2 protein chains.
Amino acid sequence: MEYGDAVTVLRRMPLFSSLDPGQLKLLAFTCDYLSFEDGEALFHAGDPADSAYVIDEGEAVIRADTDNGEVTVGTLGKHEMFGELAIFRNASRIATIRARGQLKVLRIAGDIFLKLVTQNPDAALGVMRALSDKIARAQDSFEAMEAELRRLQAAAGGVADGADK
Amino acid sequence: MEYGDAVTVLRRMPLFSSLDPGQLKLLAFTCDYLSFEDGEALFHAGDPADSAYVIDEGEAVIRADTDNGEVTVGTLGKHEMFGELAIFRNASRIATIRARGQLKVLRIAGDIFLKLVTQNPDAALGVMRALSDKIARAQDSFEAMEAELRRLQAAAGGVADGADK
């Protein structure tokens, strides 16, 4: 991708639309535009982290490592960011991200990303809103899972009661 | 609480320690210092939201509404913020918050909170880090719950297989 194209792609992203031209140019100059094929992993849970990502085109799935292997815990679409948690927390990746179909992303160096989103109030609010939406979605998943867990526990209890008689 | 005490309390909070004296005074002037008794609700899931909170002393529990009533999904301790999600998302409360033992909090008007944490890079990073930690904790809960769900499903499957024979 040409440098000018990167500026255009970045400007279209709600998260970065409020950056001033100088900040956009810094971002365009330092980020990478990458393509991934269906199923390909961008990073794995446990990996060290040095960058955040924003989706330009396509979808990605968030996969958690469990005793039964990877499980999909969410999806990400156009203009959504991911990989930012490890940057903010200065920690390793907590989940694996894979392309669903063809995926095109911007990879942004962690230190540049941190600087831009904390120094620009609109971008800061955009990041806070995106993080808050992720928590709200996690809460929804929790409530659905909790209901399923109760249902199975009740069913297991019912069977045990029957066996005791 | 006296105005000067509020400044002192705020300055001790990591989230606000980087605010300049003018910002701290604005915050102290506009926030409320409140006490709650064990079990008392600060707000309920579904309530409209106009403020964020930071704990000065004590603990709070995060309670989700389920078909089986309220379930504790997390706890909050000294200097942790809550209620900020609804402010960032401009939405109603997604969970109920209750005091565990005696709880002392600062309640900050949503618009003032938004302004201070987006305009101060250190406070912005503090908020982003706190939100990211909440997502990481949700992921841990998800993985624990997923394991329990699989165990129950396998147990239920085992019974069903037995019944089929």
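Here is how names work: the chains are called A, B, and so on, in the same order as the sequence lines, proteins then strands, and each is numbered from 1. What you are looking at is a predicted structure, and each value in this text was computed from that prediction instead of being measured.
Between atom CZ of residue Phe88(B) and atom CG of residue Asp133(A) there is a gap of 11.5 Å, rounded to the nearest 0.5 Å. For the atom pair CG of Leu152(A) and CZ of Arg151(B), the computed distance is 10.0 Å after rounding to the nearest 0.5 Å. Between atom CD of residue Glu148(A) and atom CD of residue Glu148(B) there is a gap of 12.0 Å, rounded to the nearest 0.5 Å.
With a 4.5 angstrom heavy-atom cutoff, Gln139(B) touches chain A only via side-chain atoms. Contacts of Ala64(B) with chain A are made by both backbone and side-chain atoms, with heavy-atom separations under 4.5 Å. Proximity to chain B (any heavy atom under 4.5 Å) is shown, for Ile87(A), by neither the backbone nor the side chain. For a residue to count as touching a neighbouring chain, one of its non-hydrogen atoms must lie under 4.5 Å from one of that chain's; by this rule Glu143(A) touches chain B with the side chain only. Within the 4.5 angstrom heavy-atom criterion, only side-chain atoms of Ala138(A), from C-beta onward, approach chain B. Heavy atoms closer than 4.5 Å to chain B are found in both the backbone and the side chain of Glu146(A). Residue Asp65(A) touches chain B through its backbone alone, counting heavy-atom pairs closer than 4.5 Å.
Residues Tyr33(A) and Leu26(A) fall within the same hydrophobic cluster, defined by Ile, Leu, Val, Met, Phe, Trp and Tyr side chains chained together at heavy-atom separations under 4.5 Å. In this structure, Phe43(B) is a member of the same hydrophobic cluster as Phe36(B), with clusters built from ILVMFWY side-chain heavy atoms closer than 4.5 Å.
The heavy-atom pair separating Leu85(A) from Ile135(B) by the smallest distance is CD1-CG2, 3.4 Å.
Interface with chain B: from residues 91-101 of chain A, residues Ile94(A), Ala95(A) qualify, criterion being any non-hydrogen pair under 4.5 Å. Proximity to chain B at a heavy-atom threshold of 4.5 Å picks out Val117(A), Thr118(A), Gln119(A), Pro121(A), Ala124(A), Leu125(A), Val127(A), Met128(A) from residues 116-128 of chain A, in numerical order. Contacts with chain A (heavy atom to heavy atom, under 4.5 Å) involve these residues of residues 71-78 of chain B, listed by number: Val71(B), Val73(B).
Applying the salt bridge (Lys or Arg N to Asp or Glu O under 4.0 Å) rule to Arg129(B) yields no partners; only residues at least two apart in sequence or on another chain are considered.
Heavy atoms from other residues, nucleotides or ligands lying under 6.0 Å from CG of Asn90(B) number 12 at most.
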